Protein chains: 2
Amino acid sequence: MARPRPASLADIARAAGVSAQTVSRVANGSDSVRPETAAKVREAMRTLGYRPSFAGRSLKQGRYRTVGLAMFNNITATGNIFRLDGITRAATEAGCALTLIEMDCTDHATLTSAAERLSALPVDGMIFNLTRPAENFLDFKPLAGLPMVIITNLEHPLCPTVDNDQLGCSHTIVDHLLDLGHRTVFHVAGKEESIASRLREQGWREALVARGVEPPPLLRGDWSGMSGYEAGAHLAAIPECTAIYASNDAMALGVVDALNDAGRRVPEDVSVVGVDDSLATVLPHDRITSLRFDNRAVGRWAFEHAMAEAAPQGDTPAHCLMPGTLIQRESVAPPAR
Amino acid sequence: MARPRPASLADIARAAGVSAQTVSRVANGSDSVRPETAAKVREAMRTLGYRPSFAGRSLKQGRYRTVGLAMFNNITATGNIFRLDGITRAATEAGCALTLIEMDCTDHATLTSAAERLSALPVDGMIFNLTRPAENFLDFKPLAGLPMVIITNLEHPLCPTVDNDQLGCSHTIVDHLLDLGHRTVFHVAGKEESIASRLREQGWREALVARGVEPPPLLRGDWSGMSGYEAGAHLAAIPECTAIYASNDAMALGVVDALNDAGRRVPEDVSVVGVDDSLATVLPHDRITSLRFDNRAVGRWAFEHAMAEAAPQGDTPAHCLMPGTLIQRESVAPPAR
DNA sequence: TTGTAGGCGTTATCAG
DNA sequence: CTGATAACGCCTACAA
């Protein structure tokens, strides 16, 4: 039951009584073929079901017109789908395809093993989507001749990097709340193993300190609405808590519910901000102010740099942190005097 | 600035003073190489930065160990990410990679054009993820020697097909509500161009008719919570409406909110059911009964059939509709007497 | 307009 | 244990 080899140029040539070269010309739409010959060839192609061989073509041309993407952990994590969509669209526009692998992180996968796996696939460049810390991140050396972009907030000495600006995200939110007159901002963090969560927490601390405010105790959730509710129930009991920054929208929603259940109004008594702007179409009335990232743009940037012809050797690689936009809704107001 | 060719077996062979064949043996972990020779070769590989060529390998072996996936329209549509994840995981387990392209449907893309594009890429089999009706669906002929799976509810004369069972979904929900004693079930449909929405609507009609119930007027939303709210506001004014089936969870949520705002309690006065079970981790307290599909399983099935060695020729192709599971929560109860 | 020769990187096969 | 040869499908370069 071995799969039969598909028809090759030579097969068509034999069937049409011409040379393989002529068939190649027809396949590539050269105009220097006599119409009748071309017709004969096309006929043979149809009958035998000719399809150009990707392997033969790439071997000859020395490139694949394909970008490789390694997703660490979990394709389904928030934002990944839009990054993937951004990469795919950019690739399509550039006439390229995308080769995707998923890296299991249970065994502390390193960039090196990902690079090895991807490099054996048809790729002219590669993109690593990092959502958790990678081992030996800084020591990693990209493979010669294979441009490699890492999606991460960290700068890398040898590879271009791009990501949502997680630190900036916190600064935007904290500054916004302090500017409104709030004395401090409480924070509900996401899962500890998430880089995004860690950076947002760090940015929250920095932003407060930069304004001379001692960061209040941290609350930790797990991204779920329920964990936000629990955090909110806790915070509702703290009178000086008038502003809460939750690391995603589900937790922000939970916080709001808990506050309401405890008799504290949003935004009159407490302001609440989330991240991702993910509930706008889900909730019938989304009232939660949220910081929205453009993950498609991140994906597009990654693609463009992964397929760049020649990375200017010797320069420091590009590093791009894309700022988010604060979508203002009704969950935020100045504190009551 | 042409990209230099990467080192080949021959280059390594030259550097190590052995034959290309020996280098190949080392690269493939053959045990019939003297350790010292192997060490010498490995050393040369390291210095020259050897990477096996996907093109060379595939050309020789006549296959790619890669499955192609064409996403029509919109990768980011609900469920697609889990299907993608299912395919990717199954592929990884089988030692395969995934080649992904996105098909633009603005120009009424057909299966044929998708097949053509995908078949020029490194694929041993392909999967089409259809979320909107395709032109000439039934006329489509798969390419010889390239197994092709279509993710759709429709049966195809030549290709294996798999999908969530959308008709069955409606029957499950409607029967459940009627069994509880409701006299009829109202339906809030999703976007008109969605196949899933159409089939759920059709299944809803069928299920009611099968039980001798005349389907009440249909309400149409656009998948958003807000559109559900509007439908719910309308339905709240209808006294005989005691059970509502919304085609997704966001609309179900909107329906519940609107009913509450109109003074009708859920589930005491009205029962509400959604589809997808997508809000469990988002809402702090998800009370909405919902039908959950296993999109990862759909993806896995598709992968396995796309990479099947020999589709038994002549047989009717496999057709699999995967049933969903009704996740029962507090939004459903028997009608008040 | 068409055909021939050669080589891209790899591996199966067979010879040493 | 190692090497030589040929072939996979295609395309560039050149020749007819």
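Note on naming: letters A, B, ... go to the chains in the order of the sequence lines (proteins, then strands), and numbering restarts at 1 for each one. Computed from a predicted structure; not experimentally measured.
Taking atom CZ of B:Arg65 as the reference point, atom P of C:dT10 lies 18 Å away to the nearest angstrom. Atom P of nucleotide C:dT10 and atom CG of B:Asp11 are separated by 9 Å, given to the nearest angstrom. Taking atom CG of residue A:Leu9 and atom P of nucleotide C:dT4, one finds them 15 Å apart after rounding to whole Å.
Under the 3.5 Å distance criterion, the side-chain polar atoms of A:Asn153 are matched with a main-chain donor or acceptor of A:Gln166. With B:Asp165 contributing its side chain and B:Met322 its backbone, the two residues share no donor-acceptor pair below 3.5 Å. A:Tyr64 places a side-chain N or O within donor-acceptor distance of the main-chain N or O of B:Ala55, the cut-off being under 3.5 Å.
Taking every heavy atom of both residues into account, B:Ala120 and A:Phe54 meet most closely at O-CD1, 3.3 Å. Among all heavy-atom pairs drawn from B:Leu118 and B:Val123, the shortest one is O-CG2, 3.5 Å.
Partners of A:Thr161 under the side chain to side chain donor-acceptor pair (under 3.5 Å) rule, at least two apart in sequence or in another chain, are A:His319. Every residue meeting the side-chain contact (heavy atoms from CB on, under 4.5 Å) condition with B:Ala115, not counting sequence neighbours, appears here in chain and number order: B:Met126, B:Phe128, B:Phe140, B:Leu143, B:Met148.
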Extract from the structure each pairing of a protein N or O with an N or O of nucleotides 13-16 of chain C at less than 3.5 Å, listing the distance.
none

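Looking at A:Glu43 and A:Lys40, no side-chain N of the basic residue comes within less than 4.0 Å of a carboxylate O on the acidic one, giving no salt bridge.
Near DNA chain C, defined here as any heavy-atom distance below 4.0 Å, the residues from residues 33-60 of chain B are B:Tyr50, B:Arg51, B:Pro52, B:Ser53, B:Gly56, B:Arg57, B:Leu59, B:Lys60, listed numerically.
In this structure, the separation between CG on B:Leu121 and CZ on A:Arg57 is 10.5 Å, given to the nearest 0.5 Å.
Along DNA chain C, the nucleotide nearest A:Thr22 and the nucleotide nearest B:Pro6 are compared for position; the residue whose nucleotide lies closer to the 5' end is A:Thr22.
Protein chain B contacts DNA chain D from D:dC1 to D:dG9, reading 5' to 3' and using non-hydrogen atoms of the protein with a distance under 4.0 Å.
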Report, one line per pair, each donor and acceptor closer than 3.5 Å where one atom sits in a side chain of residues 75-89 of chain A; sequence neighbours left out.
residue	atom	partner	partner atom	Å
A:Thr76	OG1	A:Asn74	OD1	2.5
A:Thr76	OG1	A:Asn74	ND2	3.4
A:Asn80	OD1	A:Arg83	NH2	2.9
A:Asn80	OD1	A:Asn129	ND2	3.0
A:Asn80	ND2	A:Asn74	O	2.9
A:Arg83	NE	A:Asn129	OD1	2.9
A:Arg83	NH1	A:Asn295	OD1	2.7
A:Asp85	OD2	A:Arg89	NE	3.1
A:Asp85	OD2	A:Arg89	NH2	3.2
A:Asp85	OD2	A:Arg296	NE	2.6
A:Asp85	OD2	A:Arg296	NH2	3.2
A:Thr88	OG1	A:Leu84	O	2.6

